[in-house]
Amino acid sequence: DAGITQSPRHKVTETGTPVTLRCHQTENHRYMYWYRQDPGHGLRLIHYSYGVKDTDKGEVSDGYSVSRSKTEDFLLTLESATSSQTSVYFCAISEGSNEKLFFGSGTQLSVL
Amino acid sequence: DAKTTQPTSMDCAEGRAANLPCNHSTISGNEYVYWYRQIHSQGPQYIIHGLKNNETNEMASLIITEDRKSSTLILPHATLRDTAVYYCIVRAYTGTASKLTFGTGTRLQVTL
């Protein structure tokens, strides 16, 4: 994967607890994205960032917040996790010169 | 973004060419065709993209019909490692965030 690290790779948590997923890039790309993938739905965009402290909502943003305090880090927070947020979460980056996305390896999140 | 239609699944014998079709009959003149693939449990991987001319790179060839209403991704000599879900996406280049929408794609099974 093109210089993208997601952590943790796997997490099990309980309903109602806060969870933060981290995406770290070494490519100095301007844009960063969080997607979730569920069976039968393909990948759906949660939030994205177009620069430090600049973020916007995607298709399925309810229940999620994000922060980007540094170019290389994009955090996804579930303030109070629910079972419907059990999913595989992928971080992606892009330069902006075209529509090519580079994805991380994913985080498997289970909310019990 | 124009809607795309892909077969749910396809099979291909190892060593043969895999031809994956995609229909995008409502494509606009400024929209590109992108192909990504996702090997089991990994993040999607960019393959190729094109506007109206046929394109080839080290991974695949992309053939776009003259009316641009459909395209075919060709893997010239499929191997078992090409078994994956292949996504066809149509989107105009915006010069901003690449908010690509991934559908459910075509599941390609390469067999011995």
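We use all heavy atoms of the structure for the numbers below, so side chains are in, but hydrogens, waters and symmetry mates are not. All chains are named by letter (A, B, ...) in the order of the sequence lines, taking the proteins before the strands, and each is independently numbered beginning at 1.
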Is it true that B:V90 and B:L62 fall in one hydrophobic cluster, defined by side-chain heavy atoms closer than 4.5 Å?
yes

Top residue by heavy-atom pair count (under 4.5 Å) with chain B, among A:C91, A:G42, A:S49?
A:G42

Flag yes if more than 12 heavy atoms outside A:R44 fall under 6.0 Å of its CZ atom; otherwise flag no.
yes

Contact part of A:Y50 toward chain B, heavy-atom cut-off under 4.5 Å: side chain, backbone, both or neither?
neither

Under 4.5 Å from any heavy atom of chain B, what part of A:Q37 do you find: side chain, backbone, both or neither?
side chain

Indicate if B:Y46 and B:I89 have the same hydrophobic cluster label, given that clusters are the connected sets of ILVMFWY residues with side-chain heavy-atom separations under 4.5 angstrom.
yes

Which region of A:L101, side chain (C-beta onward) or backbone (N, CA, C, O), has a non-hydrogen atom less than 4.5 Å from a non-hydrogen atom of chain B, or is it both or neither?
both

Separation between NZ (A:K100) and CD1 (B:I48), nearest 0.5 Å, reads 10.0 Å

When hydrophobic residues are tied together by side-chain contacts of less than 4.5 Å, even through go-betweens, does B:I27 share a cluster with B:Y86?
yes

Please report whether the ring centroid of B:F102 lies less than 6.0 Å from that of A:F103.
yes

If every non-hydrogen atom of A:L43 is compared with every non-hydrogen atom of B:Q38, which pair is closest and at what distance?
CD1-OE1, 4.0 Å

Smallest separation among heavy atoms of A:Y35 and B:L100, with atom names:
OH-O, 2.9 Å

Answer yes if B:V85 and B:V33 sit in the same cluster of Ile, Leu, Val, Met, Phe, Trp and Tyr residues linked by side chain heavy atoms under 4.5 Å apart, and no otherwise.
no

Consider only side-chain heavy atoms of I, L, V, M, F, W and Y, link residues closer than 4.5 Å, and tell whether B:Y34 and B:I63 are in one cluster.
no

Count the heavy atoms of every other residue, nucleotide or ligand shown that sit under 6.0 Å from CD of A:Q108, and state whether that count exceeds 12.
yes

Need one label for B:Y36: side chain, backbone, both or neither, based on atoms under 4.5 Å from any heavy atom in chain A.
side chain

